[in-house]
> 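Here it is, the structure in full.
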Amino acid sequence: MPRPPVQRLIEVMSVPFNFATAIEAGLNDAAQALGLDTAPFAPEVHTADPRHGDFQANGVLPYAKRTKQNPRALAEKVIAALPSTITTNFDVTIAGPGFLNFTLQIPALERWLTTYDTEELLRTGATSAQPEAGKTFVVDYSSPNTAKQMHVGHLRSIVIGEAICRLLDFSGAKVIRDNHIGDWGTGFGKLIWAYKRQLNSNALATDPLEEFERLYKVGNSAADADESVLENAREELVKLQAGDEENLSIWRRINEVSLAAFQKLYDQFGVTFDHTLGESFYNDKVPQVYQELTDIGLAAESQGALVVFHPDHPRFNEQPFIIRKSDGAANYASTDLATLLYRTEQFKADASIYVIDSRQGDHCQQLFLTAAKWFEKTNRRLPRLEHTSFGTVLGENGKPLKTRSGENIKLRDLLAEATERAATLVGQKSTNLSPQEQASVAAVVGVGSVQYADLCQNRSSDYVFSWDKMISLEGNTAAYQLYAVARIHSIFRTLETSPTEPTAFAAADGLETTTEIALARKLAKFPEGLRGAVSQLRPHALGLYLYELAGEFSAFYNNDKVAVPEANIRARRLRLCARTLLILETGLHLMGLRTLQRM
RNA sequence: GCACCCGUAGCUCAAUUGGAUAGAGCGUUUGACUACGAAUCAAAAGGCUAGGAGUUCGAUUCUCUUCGGGUGCACCA
């Protein structure tokens with residue numbers, strides 16, 4: 001039976017969610033009790049190599065050095081002053097020149113395992129331990145251009161952006177997902193020009209986006225070849241921006257079709273935006289930006305354009321930030337500034353996160369620098385601004401991934417191929433499943449493999465896209481972890497019980513085997529995996545943790561049979577299975593993946 | 001030319017942001033299914049962290065420098 005809420009709350013409060021932050025607090029208490037100068041004393045707690053315990057604190061060493069004390073003697077004193085919250089949970093030893101090693105006592109591990117037994121409680125724990133809780137984060141990701149299909153170049157922003165949103169949300173932040181689409185570009189004049197002359201209505205009916213793309217190319221090459229076409233296209237754009245009804249309705253139609261096509265892809269990734277405020281939305285909000293930046297002397301005319309220079313910057317003192325083109329039109333610098341103001345004032349953003357590829361680093365730096373000066377002069381509070389940049393998806397030749405003919409690979413085709421390849425594999429490995437089940441498993445494995453391949457390594461570097469590595473399903477892949485999840489579900493099916501049925505664990509006694517204990521120690525480090533991912537907005541830190549957890553589980557599974565006759569042993573192993581399942585599923589969902597009961 | 005990112009095992013990547021003997025997977029070699037799912041597990045071999053200098057108790061991480069790769073740099077986002 002579920003315990004009453006009040007009792008649960010007391011239990012949760014008495015067992016720290018994140019042991020590392022608990023140690024940190026304990027060390028700070030000890031330092032204060034000893035009269036250490038707490039300002040320069042930093043506990044420096046990290047998860048440790050298992051050979052050295054569960055956590056290590058290195059802070060005594062630099063402090064002893066600075067105050068000219070014997071580090072080991074100081075370490076002795078610090079240990080003696082540790083509060084009971086630490087000493088009742090850990091064995092503490094001194095190692096080497098003055099490292100403090102903390103090893104979780106088995107009862108403490110067991111308390112953690114019995115306490116954090118639902119996703120809601122993990123979330124509550126994360127909210128209590130994470131500094132992001134209560135803050136408003138606007139996350140700007142995906143942000144494709146309308147009238148074009150998304151391709152591989154759009155993959156990373158979607159996948160990384162969504163994972164970051166989920167991680168922040170789980171940490172108690174208020175997350176606003178904003179799809180800042182490019183729907184006001186200068187290409188629209190050419191597209192409208194071609195639309196009016198060469199529209200194929202059959203093609204428009206069957207695959208409108210494909211048709212818009214074709215028309216855009218037609219308009220583009222016609223404008224290149226003929227000056228008068230270019231002139232015409234400009235006029236179409238001016239008419240559009242002036243509110244011409246015919247052009248506006250074509251433009252609306254393009255956006256409608258584009259957004260519907262985008263949503264089909266977002267559905268496969270489990271992405272839903274709170275706002276889709278494209279550049280057109282800010283059309284009437286850029287004059288204020290021009291005005292204010294000019295008034296405070298930040299922007300000035302140069303070669304006919306309105307630009308911002310930063311004399312205090314080694315490069316941007318000469319490299320301009322163009323906020324209005326010489327023909328008077330806005331560009332993405334103008335709208336990005338207007339957007340930032342809108343997010344600050346309307347959304348009350350504490351942070352604005354830009355999930356954009358690393359090639360736009362200069363733009364973001366200029367945007368942030370400009371915004372900082374602008375907001376300071378106008379007495380506005382500047383949100384935390386972060387360019388969450390990422391590298392390029394490369395083919396096996398080390399160059400940006402393309403089709404054989406050199407075209408961009410459409411995201412639609414990429415996901416279709418991933419699903420198809422997964423289906424082939426499922427057809428071989430999962431013959432016990434019905435055809436419908438096989439198809440849905442293939443979709444989860446296929447799309448999940450693409451997502452995970454993108455998330456499992458450091459976002460800032462380029463990565464090589466390899467079907468074989470991704471779909472071969474070995475090593476640090478989605479399928480390896482999905483397999484662990486499916487196996488755990490299978491155990492509960494076989495034993496005819498459920499991971500959420502507390503009576504299944506009622507007879508559990510103390511952890512015994514080395515593989516049981518190793519798995520339990522890994523489980524209790526979920527908060528650290530989460531913290532690593534959130535604090536740096538790097539999902540791969542969580543991915544790596546989950547992979548290691550799945551590995552510990554597999555070792556446990558091979559060593560310690562769960563379905564044994566002894567009720568006490570079976571119950572404690574079942575509990576380990578249930579917690580592993582909870583954390584694997586929670587973690588994978590945080591990365592944007594779906595999970596399976598069988599595969 | 002200026003700036004940013006990167007260089008770690010044969011290959012693809014980690015290393016908790018300055019911590020202890022630099023870790024995984026693939027590939028190679030060897031072992032484990034009359035086992036709750038072998039899409040698994042256990043073990044071995046594989047390294048002057050591109051080269052050099054510096055900072056300090058301690059450097060893959062910070063500074064300088066050389067080499068090699070990628071990407072930006074006046075009106076497309």
Side-chain angles (χ1 to χ4, degrees), chain A residues 20 44-49 51-52 56 58 61-62 64-65 71 95-99 101 143-145 182 184-187 279 302-307 314-316 318-327 329 331-333 335-336 356-363 365 389 391-392 394 398-400 425-426 428-430 432 445 456-458 460-464 466 468-469 472-477 479-480 482-484 486-495 525 528-529 531-532 535-536 540-541 544-545 547-548 551 554-559 561-564 570 573 577 598-599:
Chain A
E44 289 186 40
V45 178
H46 305 299
T47 62
D49 185 307
R51 285 170 298 194
H52 304 127
Q56 59 173 293
N58 307 328
L61 222 48
K65 173 80 180 167
F99 298 120
N101 288 343
S143 306
N145 294 325
W184 207 240
T186 46
E279 293 171 326
S302 170
Q303 298 178 25
L306 190 62
V307 308
R315 198 152 29 94
F316 302 138
E318 289 194 354
Q319 184 179 322
F321 190 48
I322 300 170
I323 65 170
R324 189 180 61 208
K325 299 192 288 180
S326 53
D327 65 2
N331 66 357
Y332 79 140
T335 48
D336 275 357
I356 311 177
D357 84 271
S358 56
R359 288 175 303 184
Q360 296 192 41
D362 276 4
H363 170 75
Q365 269 193 58
S389 70
T392 310
L394 305 176
K399 301 222 167 108
L425 211 70
V426 171
Q428 291 162 3
K429 305 263 186 189
S430 314
N432 56 324
V445 172
C456 73
Q457 58 187 266
N458 196 335
S460 51
S461 39
D462 297 346
Y463 78 95
V464 176
S466 158
D468 290 336
K469 289 212 176 62
S472 77
L473 313 176
E474 283 169 339
N476 188 4
T477 62
Y480 177 81
L482 292 173
Y483 179 64
R487 269 206 306 202
I488 297 173
H489 278 295
S490 173
I491 293 167
F492 283 96
R493 277 195 302 272
T494 306
L495 297 180
K525 284 176 191 120
E528 276 297 279
R531 180 163 78 152
S535 64
Q536 307 169 64
H540 84 288
L544 194 66
Y545 164 79
Y547 173 55
E548 288 169 358
S554 293
F556 156 80
Y557 179 87
N558 271 58
N559 258 286
K561 184 163 175 151
V562 179
V564 292
R570 183 162 70 183
R573 291 183 181 166
C577 289
R598 40 182 121 222
M599 65 187 276

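To find a chain, count down the sequence lines: A is the first, B the second, and so on, and within it residues start at 1.
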> State whether the distance check finds a donor on one side and an acceptor on the other, under 3.5 Å, for side chain A:S302 versus base B:A74.
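Flag set: donor-acceptor pair detected.
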> Pick the closest RNA chain B nucleotide for A:R598 and for A:W184 by heavy atoms, then say which residue is nearer the 5' end.
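Nearest nucleotide further toward 5': that of A:R598.
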> When both hydrogen-bonding distances must be under 3.5 Å and the geometry is Watson-Crick or G-U wobble, what is B:U60 paired with, if anything?
none
> Taking atom P in both B:G46 and B:G58, compute the distance separating them and give it to the nearest angstrom.
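After rounding to an integer number of Å, I get 29 Å for this pair.
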> Between the side chains of A:D468 and A:S466, does any donor sit under 3.5 Å from an acceptor?
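The criterion, which ignores hydrogens and geometry beyond distance, is not satisfied for A:S466 and A:D468.
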> Is there a donor and acceptor pair, one atom on the side chain of A:T335 and one on the base of B:A77, closer than 3.5 Å?
no
> Across all strands shown, which nucleotide pairs with B:A42 by Watson-Crick or G-U wobble geometry, both distances under 3.5 Å?
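Here B:A42 is engaged in a pair, and the nucleotide opposite it is B:U30.
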> What interatomic distance, in whole Å, is found between C1' of B:U60 and the corresponding atom of B:A20?
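To the nearest whole Å, 15 Å.
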> Is the A:Y332-A:H363 ring centre distance short of 6.0 angstrom?
yes
> In whole Å, what is the span from the CD atom of A:E44 to the C1' atom of B:A20?
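It works out to 14 Å between those atoms.
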> Given that both distances must come in under 3.5 Å, which nucleotide forms a Watson-Crick or G-U wobble pair with B:C36?
none
> Once you apply the 3.5 Å cut-off to both distances, tell me the Watson-Crick or G-U wobble partner of B:C75, or none.
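Because no pair has both required distances under 3.5 Å, B:C75 counts as unpaired.
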> Under 3.5 Å, is there any donor-acceptor pair linking the side chain of A:S358 to the base of B:U71?
no
> So, do A:Y483 and B:U40 meet the stacking rule of ring centres under 5.5 Å and planes under 30°?
no
> Name the residue closer to the 5' end of RNA chain B, choosing between A:S326 and A:G96 according to the nucleotide with the nearest heavy atom.
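Counting from the 5' end, the first nearest nucleotide belongs to A:G96.
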> Is there, by distance only and without an angle test, a donor paired with an acceptor across the side chain of A:S460 and the base of B:C5 below 3.5 Å?
no
> Remember a base hit wins even if backbone is also touched, and classify A:A486 as base, sugar-phosphate or nothing at under 4.0 Å, heavy atoms.
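Base, at least one base heavy atom under 4.0 Å.
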> Between A:I491 and A:Y557, does a side chain to side chain contact (heavy atoms under 4.5 Å, CB included) hold up when you go through it step by step?
CA-CA 10 Å; A:I491 293 167; A:Y557 179 87; 3.7 Å; yes
> Rounded off to whole Å, could you give me the CG-to-P distance for the A:D49 and B:A14 pair?
20 Å
> Check this for me: does the side-chain of A:N101 come within 3.5 Å of the base of B:A20 through a donor and an acceptor?
yes
> So which nucleotide does B:G25 pair with, by the Watson-Crick or G-U wobble rule with both distances under 3.5 Å?
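Result: B:C11.
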